[in-house]
Amino acid sequence: MKEKSFLPLVSVMLVQPTLALCEEPGKLSDKPNIIYILADDLGYGDLGSYGQQQIETPNLDRLAREGMRFTNHYSGQAVSAPSRCVLLTGLHTGHAYIRGNDEVASRGNVWSHEAMLADSSLEGQRPLPAQTVMIPRKLKEGGYTTACIGKWGLGYPGSVSTPNKMGFDFFYGYNCQRQAHTYFPPFLYRNECREYLDNKLLAPGTKLDKGADPRSEASYAKYMQNDFAPDLMFREIQDFVERSKDEPFALFWTNPMPHVPLQAPEKWVKYYVDKFGDEKPYTGNQGYFPCRYPHATYAAMISYWDEQIGILVQQLKDLGIYENTLIIFTSDNGPTFNGGSDSPFFDSARPFKSEAGWGKASLREGGIRVPMIASWPGKIPAGTTSDLLCAFWDIMPTMCDLAGVKAPETDGISILPTLLGKNRKQKKHEYLYWEYPEAGGQKAVRMGKWKAFVKNIRKGGRKIELYDLESDPREQHDVAEQHPELVKKVLEIFRTEHVDAEIDAFNLPVW
(Lines give C-alpha, C1' and ligand atoms only; values in the text may rest on other atoms or scores of the structure.)
Protein backbone atom coordinates (compact mmCIF):
# COMPACT_ATOMS: atom_id res chain seq x y z
CA MET A 1 0.00 0.00 0.00
CA LYS A 2 1.10 3.57 -0.48
CA GLU A 3 2.51 5.32 2.55
CA LYS A 4 -0.13 7.31 4.41
CA SER A 5 0.62 10.87 5.42
CA PHE A 6 0.82 11.53 9.13
CA LEU A 7 0.63 14.80 11.01
CA PRO A 8 4.02 16.43 11.63
CA LEU A 9 5.73 16.34 14.99
CA VAL A 10 4.73 19.38 17.00
CA SER A 11 7.14 21.09 19.35
CA VAL A 12 4.92 21.98 22.27
CA MET A 13 5.72 24.87 24.58
CA LEU A 14 3.32 24.85 27.50
CA VAL A 15 2.24 27.98 29.32
CA GLN A 16 4.33 28.47 32.44
CA PRO A 17 2.05 27.79 35.44
CA THR A 18 1.93 30.07 38.44
CA LEU A 19 1.29 28.96 41.98
CA ALA A 20 -2.00 30.83 42.20
CA LEU A 21 -4.61 28.32 43.29
CA CYS A 22 -8.33 28.36 42.64
CA GLU A 23 -11.09 27.99 45.17
CA GLU A 24 -11.90 25.04 47.39
CA PRO A 25 -12.76 21.70 45.74
CA GLY A 26 -16.37 21.76 44.61
CA LYS A 27 -16.33 25.58 44.39
CA LEU A 28 -14.20 26.11 41.31
CA SER A 29 -15.14 29.43 39.70
CA ASP A 30 -14.71 28.05 36.17
CA LYS A 31 -15.12 24.35 35.69
CA PRO A 32 -12.11 23.06 33.79
CA ASN A 33 -12.23 20.91 30.72
CA ILE A 34 -10.98 17.41 31.54
CA ILE A 35 -8.94 15.22 29.21
CA TYR A 36 -8.16 11.82 30.71
CA ILE A 37 -5.75 9.85 28.53
CA LEU A 38 -5.59 6.12 29.27
CA ALA A 39 -2.84 4.02 27.73
CA ASP A 40 -3.19 0.26 27.34
CA ASP A 41 -0.34 -1.92 28.68
CA LEU A 42 2.10 0.99 29.04
CA GLY A 43 4.69 0.27 31.72
CA TYR A 44 5.70 2.53 34.61
CA GLY A 45 9.09 3.02 32.95
CA ASP A 46 7.98 3.48 29.32
CA LEU A 47 8.11 7.30 29.40
CA GLY A 48 11.20 9.48 29.41
CA SER A 49 9.98 11.32 32.52
CA TYR A 50 9.90 7.96 34.32
CA GLY A 51 13.37 6.87 33.26
CA GLN A 52 12.92 5.40 29.77
CA GLN A 53 16.21 5.56 27.86
CA GLN A 54 15.28 4.26 24.40
CA ILE A 55 11.75 5.46 23.57
CA GLU A 56 11.31 9.18 22.94
CA THR A 57 8.28 10.90 24.49
CA PRO A 58 9.07 14.64 24.36
CA ASN A 59 5.50 15.91 24.60
CA LEU A 60 4.54 13.80 27.60
CA ASP A 61 7.88 14.62 29.22
CA ARG A 62 7.10 18.31 28.79
CA LEU A 63 3.70 17.86 30.40
CA ALA A 64 5.48 16.19 33.32
CA ARG A 65 8.01 19.01 33.64
CA GLU A 66 5.31 21.66 33.61
CA GLY A 67 2.81 19.71 35.68
CA MET A 68 2.88 17.00 38.36
CA ARG A 69 4.33 13.50 38.15
CA PHE A 70 2.95 10.83 40.50
CA THR A 71 5.22 8.04 41.74
CA ASN A 72 2.77 6.01 43.85
CA HIS A 73 -0.19 5.77 41.48
CA TYR A 74 -1.85 2.41 40.87
CA SER A 75 -4.20 1.00 38.25
CA GLY A 76 -7.52 -0.57 39.10
CA GLN A 77 -6.52 -4.09 38.10
CA ALA A 78 -3.75 -6.02 36.34
CA VAL A 79 -5.76 -6.38 33.11
CA SER A 80 -7.94 -4.18 30.94
CA ALA A 81 -11.70 -4.49 31.48
CA PRO A 82 -11.73 -4.65 35.30
CA SER A 83 -9.21 -1.82 35.50
CA ARG A 84 -11.57 0.35 33.45
CA CYS A 85 -14.52 -0.71 35.61
CA VAL A 86 -12.64 0.41 38.72
CA LEU A 87 -11.69 3.69 37.07
CA LEU A 88 -15.20 4.61 35.96
CA THR A 89 -17.07 3.44 39.08
CA GLY A 90 -14.62 4.28 41.89
CA LEU A 91 -14.91 0.79 43.39
CA HIS A 92 -11.81 -1.38 43.91
CA THR A 93 -11.78 -5.02 42.86
CA GLY A 94 -13.03 -6.25 46.22
CA HIS A 95 -16.26 -4.40 45.50
CA ALA A 96 -16.40 -3.87 41.72
CA TYR A 97 -18.87 -5.72 39.50
CA ILE A 98 -16.21 -6.57 36.87
CA ARG A 99 -13.07 -8.06 38.45
CA GLY A 100 -11.53 -9.95 35.52
CA ASN A 101 -11.69 -10.06 31.74
CA ASP A 102 -14.87 -11.89 30.70
CA GLU A 103 -15.80 -12.50 27.08
CA VAL A 104 -19.14 -14.17 28.04
CA ALA A 105 -18.34 -17.29 26.01
CA SER A 106 -21.84 -18.66 26.61
CA ARG A 107 -23.00 -16.40 23.75
CA GLY A 108 -21.30 -18.56 21.12
CA ASN A 109 -18.10 -18.44 19.08
CA VAL A 110 -16.85 -15.21 20.65
CA TRP A 111 -13.21 -15.75 19.66
CA SER A 112 -13.93 -16.03 15.95
CA HIS A 113 -13.42 -12.69 14.21
CA GLU A 114 -15.30 -13.99 11.19
CA ALA A 115 -18.28 -14.79 13.42
CA MET A 116 -18.10 -11.39 15.14
CA LEU A 117 -18.01 -9.60 11.79
CA ALA A 118 -21.23 -11.38 10.81
CA ASP A 119 -22.92 -11.07 14.22
CA SER A 120 -22.31 -8.05 16.45
CA SER A 121 -23.91 -9.83 19.43
CA LEU A 122 -20.70 -11.88 19.72
CA GLU A 123 -18.55 -8.80 20.24
CA GLY A 124 -17.66 -7.13 23.49
CA GLN A 125 -17.20 -8.02 27.12
CA ARG A 126 -19.54 -8.61 30.05
CA PRO A 127 -21.76 -5.56 30.65
CA LEU A 128 -22.33 -3.80 33.95
CA PRO A 129 -25.84 -3.47 35.39
CA ALA A 130 -27.90 -0.67 33.83
CA GLN A 131 -28.10 1.32 37.07
CA THR A 132 -24.30 1.50 37.53
CA VAL A 133 -23.17 5.07 38.22
CA MET A 134 -20.09 5.95 36.19
CA ILE A 135 -17.99 9.11 36.03
CA PRO A 136 -19.60 10.46 32.84
CA ARG A 137 -23.06 10.42 34.42
CA LYS A 138 -21.79 12.49 37.34
CA LEU A 139 -19.98 14.91 35.06
CA LYS A 140 -23.15 15.43 33.03
CA GLU A 141 -24.86 16.45 36.29
CA GLY A 142 -22.21 19.17 36.50
CA GLY A 143 -22.94 20.45 33.02
CA TYR A 144 -20.20 18.63 31.10
CA THR A 145 -20.37 17.32 27.56
CA THR A 146 -18.75 13.88 27.64
CA ALA A 147 -16.96 11.67 25.14
CA CYS A 148 -15.09 8.38 25.11
CA ILE A 149 -12.84 7.82 22.10
CA GLY A 150 -10.76 4.66 21.90
CA LYS A 151 -11.57 1.30 23.49
CA TRP A 152 -14.56 0.45 25.69
CA GLY A 153 -14.55 -3.18 26.89
CA LEU A 154 -17.37 -2.89 29.43
CA GLY A 155 -20.42 -4.17 27.59
CA TYR A 156 -21.20 -5.62 24.18
CA PRO A 157 -23.16 -3.81 21.43
CA GLY A 158 -26.86 -3.66 22.24
CA SER A 159 -26.31 -4.39 25.94
CA VAL A 160 -27.35 -2.07 28.78
CA SER A 161 -23.71 -1.08 29.25
CA THR A 162 -22.53 0.67 26.10
CA PRO A 163 -20.69 4.00 26.37
CA ASN A 164 -23.73 6.06 25.36
CA LYS A 165 -26.00 4.28 27.84
CA MET A 166 -23.45 4.80 30.62
CA GLY A 167 -23.29 8.57 30.25
CA PHE A 168 -21.04 9.41 27.32
CA ASP A 169 -22.64 11.80 24.86
CA PHE A 170 -20.31 10.61 22.12
CA PHE A 171 -18.36 7.42 21.52
CA TYR A 172 -16.04 6.45 18.69
CA GLY A 173 -13.75 3.44 18.57
CA TYR A 174 -13.69 -0.22 19.52
CA ASN A 175 -16.56 -1.54 21.60
CA CYS A 176 -14.76 -4.88 22.03
CA GLN A 177 -11.20 -5.32 23.25
CA ARG A 178 -10.77 -8.43 21.06
CA GLN A 179 -11.52 -6.27 18.02
CA ALA A 180 -8.71 -3.99 19.19
CA HIS A 181 -6.25 -6.82 18.50
CA THR A 182 -5.76 -5.22 15.10
CA TYR A 183 -5.21 -1.53 14.35
CA PHE A 184 -6.65 -2.04 10.85
CA PRO A 185 -10.10 -3.40 11.80
CA PRO A 186 -12.97 -3.85 9.34
CA PHE A 187 -15.13 -1.47 11.41
CA LEU A 188 -15.28 0.84 14.40
CA TYR A 189 -18.31 2.13 16.30
CA ARG A 190 -19.77 5.61 16.09
CA ASN A 191 -21.99 5.70 19.14
CA GLU A 192 -24.22 2.58 18.86
CA CYS A 193 -23.61 1.82 15.19
CA ARG A 194 -20.85 0.14 13.21
CA GLU A 195 -18.91 2.29 10.77
CA TYR A 196 -17.21 0.09 8.18
CA LEU A 197 -13.67 0.95 7.14
CA ASP A 198 -11.53 0.42 4.06
CA ASN A 199 -9.89 -2.65 5.59
CA LYS A 200 -10.45 -6.35 4.97
CA LEU A 201 -10.82 -8.71 7.89
CA LEU A 202 -7.44 -10.17 8.81
CA ALA A 203 -7.98 -12.22 11.93
CA PRO A 204 -5.52 -11.58 14.75
CA GLY A 205 -3.04 -14.44 14.86
CA THR A 206 -2.77 -14.72 11.07
CA LYS A 207 0.74 -16.01 10.34
CA LEU A 208 3.14 -15.19 7.54
CA ASP A 209 2.36 -16.71 4.18
CA LYS A 210 3.82 -20.15 3.63
CA GLY A 211 7.34 -19.85 2.29
CA ALA A 212 7.60 -16.12 3.04
CA ASP A 213 11.04 -14.80 3.96
CA PRO A 214 10.76 -13.57 7.58
CA ARG A 215 13.59 -11.06 7.01
CA SER A 216 11.92 -9.42 4.01
CA GLU A 217 9.75 -6.37 4.74
CA ALA A 218 7.54 -7.41 1.81
CA SER A 219 6.44 -10.50 3.75
CA TYR A 220 4.65 -8.25 6.26
CA ALA A 221 2.81 -6.01 3.79
CA LYS A 222 -0.58 -7.67 4.38
CA TYR A 223 -0.60 -6.53 8.02
CA MET A 224 -0.70 -2.84 6.99
CA GLN A 225 -3.97 -1.87 5.29
CA ASN A 226 -5.71 1.45 4.56
CA ASP A 227 -7.60 2.87 7.54
CA PHE A 228 -5.38 3.06 10.62
CA ALA A 229 -7.75 3.17 13.61
CA PRO A 230 -5.59 5.45 15.83
CA ASP A 231 -5.54 8.05 13.03
CA LEU A 232 -9.32 7.92 12.72
CA MET A 233 -9.83 8.14 16.47
CA PHE A 234 -7.50 11.12 16.77
CA ARG A 235 -9.42 12.92 14.03
CA GLU A 236 -12.59 12.43 16.11
CA ILE A 237 -10.79 13.76 19.19
CA GLN A 238 -9.83 16.94 17.36
CA ASP A 239 -13.39 17.35 16.06
CA PHE A 240 -14.89 16.81 19.52
CA VAL A 241 -12.59 19.38 21.11
CA GLU A 242 -13.36 21.90 18.36
CA ARG A 243 -17.13 21.59 18.65
CA SER A 244 -17.07 21.49 22.48
CA LYS A 245 -14.70 24.40 23.06
CA ASP A 246 -17.36 26.82 24.33
CA GLU A 247 -18.66 24.64 27.18
CA PRO A 248 -17.07 22.37 29.80
CA PHE A 249 -16.19 19.02 28.28
CA ALA A 250 -14.72 15.76 29.54
CA LEU A 251 -12.87 13.56 27.07
CA PHE A 252 -11.72 10.05 27.91
CA TRP A 253 -9.12 9.13 25.29
CA THR A 254 -8.78 5.37 25.78
CA ASN A 255 -6.36 4.56 22.99
CA PRO A 256 -5.49 0.82 22.78
CA MET A 257 -1.80 1.66 22.26
CA PRO A 258 0.76 0.26 22.96
CA HIS A 259 -1.18 -3.00 23.42
CA VAL A 260 -0.10 -5.54 20.81
CA PRO A 261 -0.31 -6.23 17.88
CA LEU A 262 2.81 -4.34 16.87
CA GLN A 263 1.57 -1.95 14.18
CA ALA A 264 2.70 1.63 13.69
CA PRO A 265 3.14 4.29 10.98
CA GLU A 266 6.02 3.54 8.64
CA LYS A 267 7.82 6.83 9.27
CA TRP A 268 8.08 6.11 13.00
CA VAL A 269 9.13 2.49 12.48
CA LYS A 270 11.89 3.66 10.12
CA TYR A 271 12.98 6.23 12.68
CA TYR A 272 13.58 3.53 15.29
CA VAL A 273 15.09 1.04 12.82
CA ASP A 274 17.68 3.72 12.10
CA LYS A 275 18.14 4.23 15.83
CA PHE A 276 18.23 0.58 16.97
CA GLY A 277 19.61 -1.11 13.85
CA ASP A 278 18.46 -4.39 12.36
CA GLU A 279 16.80 -6.92 14.67
CA LYS A 280 15.34 -10.40 14.73
CA PRO A 281 11.78 -10.54 13.32
CA TYR A 282 8.83 -11.63 15.41
CA THR A 283 7.12 -14.41 13.46
CA GLY A 284 3.97 -14.74 15.57
CA ASN A 285 4.86 -17.57 17.94
CA GLN A 286 3.43 -15.66 20.93
CA GLY A 287 0.15 -14.62 19.34
CA TYR A 288 -1.15 -11.56 17.48
CA PHE A 289 0.50 -10.55 14.17
CA PRO A 290 4.10 -11.11 13.06
CA CYS A 291 6.30 -8.01 12.88
CA ARG A 292 9.53 -7.42 10.98
CA TYR A 293 10.98 -4.98 13.52
CA PRO A 294 9.35 -5.65 16.91
CA HIS A 295 11.51 -3.37 19.09
CA ALA A 296 11.35 -0.51 16.61
CA THR A 297 7.59 -0.91 16.19
CA TYR A 298 6.82 -0.94 19.92
CA ALA A 299 8.83 2.26 20.36
CA ALA A 300 7.17 3.72 17.26
CA MET A 301 3.69 3.14 18.69
CA ILE A 302 4.51 5.15 21.81
CA SER A 303 6.28 7.99 19.99
CA TYR A 304 3.49 8.22 17.41
CA TRP A 305 0.97 8.64 20.22
CA ASP A 306 3.20 11.13 22.00
CA GLU A 307 3.23 13.13 18.76
CA GLN A 308 -0.58 13.19 18.71
CA ILE A 309 -0.66 14.41 22.32
CA GLY A 310 1.59 17.29 21.31
CA ILE A 311 -0.77 18.17 18.46
CA LEU A 312 -3.75 18.07 20.83
CA VAL A 313 -2.01 20.40 23.29
CA GLN A 314 -1.31 22.83 20.47
CA GLN A 315 -4.96 22.69 19.41
CA LEU A 316 -6.05 23.56 22.96
CA LYS A 317 -3.70 26.55 22.89
CA ASP A 318 -4.92 27.70 19.49
CA LEU A 319 -8.51 27.56 20.77
CA GLY A 320 -7.57 29.55 23.87
CA ILE A 321 -8.72 26.84 26.29
CA TYR A 322 -5.44 25.23 27.30
CA GLU A 323 -5.14 27.09 30.61
CA ASN A 324 -8.61 25.87 31.58
CA THR A 325 -7.96 22.22 30.74
CA LEU A 326 -6.82 19.50 33.14
CA ILE A 327 -4.92 16.75 31.31
CA ILE A 328 -4.23 13.44 33.06
CA PHE A 329 -2.20 10.69 31.43
CA THR A 330 -1.86 7.16 32.84
CA SER A 331 -2.06 3.43 31.93
CA ASP A 332 -4.61 0.70 32.61
CA ASN A 333 -1.98 -1.81 33.84
CA GLY A 334 1.67 -2.73 33.43
CA PRO A 335 3.59 -3.90 30.35
CA THR A 336 2.69 -7.08 28.53
CA PHE A 337 4.65 -10.24 27.77
CA ASN A 338 3.32 -11.48 24.42
CA GLY A 339 2.67 -10.57 20.81
CA GLY A 340 6.30 -9.79 20.08
CA SER A 341 6.65 -7.12 22.75
CA ASP A 342 9.85 -7.30 24.75
CA SER A 343 9.30 -5.51 28.05
CA PRO A 344 12.69 -6.54 29.51
CA PHE A 345 14.47 -5.02 26.48
CA PHE A 346 12.94 -1.63 27.27
CA ASP A 347 12.92 -2.21 31.04
CA SER A 348 9.30 -1.13 30.69
CA ALA A 349 8.34 -1.49 34.37
CA ARG A 350 11.55 0.09 35.68
CA PRO A 351 12.41 0.12 38.57
CA PHE A 352 10.16 -2.93 38.98
CA LYS A 353 10.52 -6.27 37.21
CA SER A 354 9.20 -6.34 33.65
CA GLU A 355 9.32 -10.07 32.88
CA ALA A 356 6.27 -12.27 32.30
CA GLY A 357 4.61 -12.91 35.64
CA TRP A 358 5.74 -9.54 36.98
CA GLY A 359 3.98 -7.08 34.65
CA LYS A 360 0.51 -7.27 33.11
CA ALA A 361 -1.75 -9.99 34.57
CA SER A 362 0.07 -9.84 37.92
CA LEU A 363 -0.51 -7.87 41.11
CA ARG A 364 3.23 -7.39 41.42
CA GLU A 365 4.36 -3.75 41.28
CA GLY A 366 5.18 -4.02 37.60
CA GLY A 367 1.61 -5.09 36.88
CA ILE A 368 -0.27 -2.34 38.74
CA ARG A 369 2.08 0.58 39.50
CA VAL A 370 1.57 2.96 36.59
CA PRO A 371 2.75 6.42 35.58
CA MET A 372 0.41 9.35 36.07
CA ILE A 373 1.06 12.85 34.79
CA ALA A 374 -1.31 15.74 35.54
CA SER A 375 -1.10 19.14 33.85
CA TRP A 376 -3.27 22.21 34.42
CA PRO A 377 -1.44 25.50 33.82
CA GLY A 378 -1.80 28.00 36.63
CA LYS A 379 -3.43 25.45 38.94
CA ILE A 380 -1.07 22.47 39.24
CA PRO A 381 2.36 23.62 40.44
CA ALA A 382 4.91 23.16 37.68
CA GLY A 383 7.75 20.67 37.88
CA THR A 384 6.40 18.87 40.93
CA THR A 385 6.41 15.23 41.97
CA SER A 386 3.92 13.62 44.34
CA ASP A 387 4.42 10.39 46.27
CA LEU A 388 0.76 10.36 47.36
CA LEU A 389 -0.55 6.80 47.57
CA CYS A 390 -3.47 6.84 45.12
CA ALA A 391 -5.27 4.64 42.61
CA PHE A 392 -7.90 4.53 39.89
CA TRP A 393 -10.72 4.49 42.41
CA ASP A 394 -9.72 8.02 43.46
CA ILE A 395 -10.58 9.47 40.04
CA MET A 396 -14.38 9.40 40.53
CA PRO A 397 -14.38 11.61 43.67
CA THR A 398 -11.69 13.84 42.18
CA MET A 399 -13.72 14.50 39.04
CA CYS A 400 -16.88 15.03 41.05
CA ASP A 401 -15.04 17.73 43.01
CA LEU A 402 -13.95 19.33 39.75
CA ALA A 403 -17.53 19.28 38.46
CA GLY A 404 -19.00 20.57 41.72
CA VAL A 405 -21.28 17.54 42.17
CA LYS A 406 -21.67 15.12 45.05
CA ALA A 407 -19.70 11.92 44.55
CA PRO A 408 -21.42 8.57 45.00
CA GLU A 409 -20.14 6.21 47.66
CA THR A 410 -16.80 4.85 46.45
CA ASP A 411 -13.55 3.39 47.76
CA GLY A 412 -11.72 6.53 46.68
CA ILE A 413 -10.69 9.91 48.02
CA SER A 414 -10.44 13.11 46.02
CA ILE A 415 -6.84 13.95 45.14
CA LEU A 416 -7.76 17.48 44.03
CA PRO A 417 -5.97 19.07 47.02
CA THR A 418 -2.72 17.42 45.93
CA LEU A 419 -3.25 18.53 42.32
CA LEU A 420 -3.71 22.11 43.52
CA GLY A 421 -0.66 21.99 45.78
CA LYS A 422 -2.74 22.02 48.97
CA ASN A 423 -1.10 18.96 50.48
CA ARG A 424 -2.12 19.74 54.05
CA LYS A 425 -5.77 19.36 53.10
CA GLN A 426 -5.24 16.02 51.37
CA LYS A 427 -6.92 12.99 52.91
CA LYS A 428 -4.83 9.82 52.64
CA HIS A 429 -5.40 6.11 52.24
CA GLU A 430 -4.32 3.85 55.06
CA TYR A 431 -3.97 1.12 52.44
CA LEU A 432 -4.93 0.05 48.91
CA TYR A 433 -6.44 -3.37 48.12
CA TRP A 434 -6.71 -5.59 45.04
CA GLU A 435 -7.96 -9.07 44.26
CA TYR A 436 -7.44 -10.69 40.87
CA PRO A 437 -9.41 -13.86 40.01
CA GLU A 438 -7.24 -14.80 37.02
CA ALA A 439 -3.62 -16.04 36.82
CA GLY A 440 -4.29 -18.59 39.58
CA GLY A 441 -5.94 -16.04 41.87
CA GLN A 442 -4.03 -13.24 43.59
CA LYS A 443 -4.49 -10.62 46.29
CA ALA A 444 -2.39 -7.61 47.20
CA VAL A 445 -2.29 -4.76 49.71
CA ARG A 446 -0.16 -1.62 49.69
CA MET A 447 0.16 0.20 53.04
CA GLY A 448 2.87 2.76 53.60
CA LYS A 449 6.14 1.30 52.40
CA TRP A 450 4.82 -2.26 52.68
CA LYS A 451 3.45 -4.48 49.94
CA ALA A 452 1.65 -7.75 50.70
CA PHE A 453 1.04 -10.32 47.98
CA VAL A 454 -0.55 -13.77 47.75
CA LYS A 455 -0.46 -15.98 44.65
CA ASN A 456 -2.08 -19.22 43.46
CA ILE A 457 -5.11 -18.77 45.69
CA ARG A 458 -7.23 -21.03 43.50
CA LYS A 459 -4.64 -23.78 43.99
CA GLY A 460 -4.63 -23.42 47.75
CA GLY A 461 -1.99 -20.71 48.05
CA ARG A 462 -2.39 -18.87 51.34
CA LYS A 463 1.12 -17.64 52.14
CA ILE A 464 1.20 -13.88 52.58
CA GLU A 465 4.44 -12.48 51.19
CA LEU A 466 5.59 -9.11 52.53
CA TYR A 467 8.03 -6.68 50.92
CA ASP A 468 9.60 -3.39 51.98
CA LEU A 469 9.26 -1.42 48.75
CA GLU A 470 11.65 1.30 49.89
CA SER A 471 14.58 -1.12 50.03
CA ASP A 472 13.18 -3.83 47.75
CA PRO A 473 11.02 -2.36 44.94
CA ARG A 474 11.47 -5.50 42.80
CA GLU A 475 9.83 -7.67 45.49
CA GLN A 476 12.70 -10.13 45.86
CA HIS A 477 13.03 -10.49 49.65
CA ASP A 478 9.99 -11.74 51.56
CA VAL A 479 10.16 -10.41 55.13
CA ALA A 480 6.80 -11.72 56.35
CA GLU A 481 8.36 -13.88 59.06
CA GLN A 482 10.02 -10.84 60.62
CA HIS A 483 6.73 -8.88 60.79
CA PRO A 484 3.90 -11.12 62.04
CA GLU A 485 1.90 -8.11 63.22
CA LEU A 486 1.79 -6.73 59.66
CA VAL A 487 0.78 -10.11 58.26
CA LYS A 488 -2.07 -10.21 60.75
CA LYS A 489 -3.19 -6.75 59.67
CA VAL A 490 -3.08 -7.75 56.00
CA LEU A 491 -5.23 -10.79 56.69
CA GLU A 492 -7.78 -8.54 58.38
CA ILE A 493 -7.81 -6.26 55.31
CA PHE A 494 -8.36 -9.28 53.06
CA ARG A 495 -11.44 -10.15 55.08
CA THR A 496 -12.93 -6.67 55.41
CA GLU A 497 -12.37 -5.44 51.85
CA HIS A 498 -13.84 -8.43 50.01
CA VAL A 499 -17.51 -8.62 49.11
CA ASP A 500 -18.60 -11.69 47.14
CA ALA A 501 -18.84 -10.91 43.43
CA GLU A 502 -22.20 -11.19 41.67
CA ILE A 503 -20.40 -13.10 38.89
CA ASP A 504 -19.28 -16.36 40.45
CA ALA A 505 -16.25 -16.73 38.17
CA PHE A 506 -14.77 -13.61 39.78
CA ASN A 507 -14.97 -14.95 43.33
CA LEU A 508 -11.92 -15.93 45.37
CA PRO A 509 -11.95 -17.48 48.83
CA VAL A 510 -12.08 -14.84 51.54
CA TRP A 511 -9.28 -16.83 53.17
Side-chain angles (χ1 to χ4, degrees), residues 74-104 125-135 137-138 153-155 159-161 166 332-333 361-363 367-368 389-398 400 406-414 427-447 450-464 486-511:
Y74 286 86
S75 65
Q77 182 61 293
V79 291
S80 185
S83 192
R84 293 156 200 267
C85 176
V86 171
L87 168 69
L88 291 171
T89 64
L91 300 175
H92 65 52
T93 47
H95 298 147
Y97 184 81
I98 302 294
R99 305 184 189 187
N101 283 333
D102 185 359
E103 314 306 328
V104 198
Q125 286 63 52
R126 180 175 292 279
L128 282 81
Q131 70 274 17
T132 303
V133 177
M134 286 190 174
I135 289 175
R137 285 182 173 172
K138 299 303 296 183
L154 289 173
S159 72
V160 297
S161 182
M166 284 296 170
D332 67 347
N333 47 249
S362 167
L363 294 182
I368 53 175
L389 189 62
C390 55
F392 273 23
W393 47 97
D394 296 323
I395 301 302
M396 167 74 91
T398 301
C400 286
K406 183 179 179 181
E409 185 175 349
T410 70
D411 294 308
I413 56 176
S414 172
K427 295 180 180 179
K428 295 184 179 180
H429 288 288
E430 181 184 357
Y431 56 81
L432 302 176
Y433 170 82
W434 298 262
E435 56 183 67
Y436 178 42
E438 301 172 72
Q442 302 175 7
K443 292 190 180 186
V445 170
R446 172 73 197 274
M447 50 184 183
W450 302 103
K451 167 74 175 292
F453 174 76
V454 181
K455 60 187 176 184
N456 294 325
I457 294 173
R458 293 197 183 279
K459 298 178 181 179
R462 296 294 185 272
K463 184 183 187 307
I464 296 175
L486 292 178
V487 172
K488 182 179 179 180
K489 184 175 182 180
V490 167
L491 184 56
E492 181 181 342
I493 293 169
F494 284 174
R495 289 169 173 159
T496 59
E497 292 301 319
H498 171 85
V499 172
D500 283 348
E502 294 183 51
I503 308 303
D504 189 59
F506 294 154
N507 273 317
L508 290 174
V510 176
W511 206 243

task: State whether the side chain of Arg126 and the backbone N or O of Gly155 hold a donor-acceptor pair below 3.5 Å, judged by distance alone.
output: no
statement: Closest heavy-atom pair, Val445 versus Val490, reported as atoms and distance to 0.1 Å, is CG2-CG1, 4.3 Å
- request: Please name the pair of heavy atoms, one in Leu432 and one in Ala391, separated by the smallest distance, quoted to 0.1 Å.
  value: CD1-CB, 4.1 Å
message: One thing to verify: whether Glu502 and Arg99 come together as a salt bridge, which I'm taking to mean a side-chain N less than 4.0 angstrom from a carboxylate O.
response: no
- request: Identify the residue among Pro82, Pro129, Ser161 that makes a side-chain contact (heavy atoms from CB on, under 4.5 Å) with Tyr97.
  value: Pro129
- line: Correct closest heavy-atom pair for Ala407 and Cys400 would be CA-SG, 3.6 Å
- prompt: Do other residues, nucleotides or ligands put more than 12 heavy atoms under 6.0 Å from Lys428 NZ?
  reply: no
query: Atom CH2 in Trp434, atom CZ in Phe392: separation rounded to 0.5 Å?
result: 11.0 Å
message: Tell me if a side-chain donor or acceptor on Asn333 pairs with a main-chain N or O of Gly367 at a distance below 3.5 Å.
response: no
message: As an exercise, state the distance from OG of Ser75 to CG of Leu87, rounded to the nearest 0.5 Å.
response: 10.0 Å
- request: Please report the closest heavy-atom contact between Ser362 and Ile368, naming both atoms and the distance.
  value: O-CG2, 4.1 Å
query: Could you state the interatomic distance from CD1 (Ile98) to CD (Gln125), rounded to the nearest 0.5 Å?
result: 9.5 Å
message: If we ignore hydrogens and angles and just use 3.5 Å, is the side chain of Thr496 paired with the main-chain N or O of Glu492 as donor and acceptor?
response: yes
task: Look up atom CG in Asp102 and atom CD in Glu438, then write down how far apart they are to the nearest 0.5 Å.
output: 8.5 Å
query: Does Tyr74 have any side chain to side chain donor-acceptor pair (under 3.5 Å) partners at least two apart in sequence or in another chain, and if so, which?
result: Glu365, Arg369, Arg446
Heavy-atom side-chain contact between Tyr431 and Ile493 under 4.5 Å: yes
Gap between atom CH2 of Trp393 and atom NE2 of His95 - 0.5 Å precision: 10.5 Å
- prompt: Distance from Asp411 atom CG to Glu497 atom CD, nearest 0.5 Å?
  reply: 6.5 Å
message: Between Lys138 and Lys406 (side chain of the first, backbone of the second, donor and acceptor by atom type, cut-off under 3.5 Å), is there such a pair?
response: yes
message: Is the shortest side-chain heavy-atom distance between Leu128 and Met134 below 4.5 Å?
response: yes
task: Check the side chains of Glu435 and Gln442 for a donor-acceptor pair under 3.5 angstrom, ignoring hydrogens and angles.
output: no
Side-chain heavy atoms of Trp511 within contact of Leu491, under 4.5 Å: yes
message: Using only atom types and a distance under 3.5 Å, with no angle test, would you say the side chain of Thr410 pairs donor to acceptor with the backbone of Leu91?
response: no
task: Output, in order, the C-alpha distance, side-chain angles, deciding distance and verdict of side chain to side chain contact (heavy atoms under 4.5 Å, CB included) for Thr89 and Met396.
output: CA-CA 7 Å; Thr89 64; Met396 167 74 91; 5.5 Å; no
field: Closest non-hydrogen atom pair, Ile413 against Thr398
entry: O-OG1, 4.0 Å
- prompt: Sub-3.5 Å donor-acceptor pair from the side chain of Asn101 to the main-chain atoms of Ala81, do we have one?
  reply: yes
field: Sidechain-backbone polar pair: Asp394 side chain, Gly412 backbone, donor-acceptor under 3.5 Å
entry: no
query: Do side-chain atoms of Lys455 reach the backbone of Leu363 as a donor and acceptor pair under 3.5 angstrom?
result: no
statement: Taking every heavy atom of Gln77 against every heavy atom of Pro437, the minimum-distance pair comes out as NE2-CD, 4.1 Å
message: Under the criterion side chain to side chain contact (heavy atoms under 4.5 Å, CB included), I'd like the reasoning laid out for Ile464 against Phe453: C-alpha separation, chi angles, the key distance, then a yes or no.
response: CA-CA 6 Å; Ile464 296 175; Phe453 174 76; over 6 Å; no
Derivation of the side chain to side chain contact (heavy atoms under 4.5 Å, CB included) call for Val454 and Arg462: CA-CA 7 Å; Val454 181; Arg462 296 294 185 272; 5.6 Å; no
message: Could you walk me through whether Leu508 and Arg458 satisfy the side chain to side chain contact (heavy atoms under 4.5 Å, CB included) test, starting with their C-alpha distance in whole Å, then the side-chain angles of each, then the deciding distance to 0.1 Å, before giving a yes or no?
response: CA-CA 7 Å; Leu508 290 174; Arg458 293 197 183 279; 3.7 Å; yes
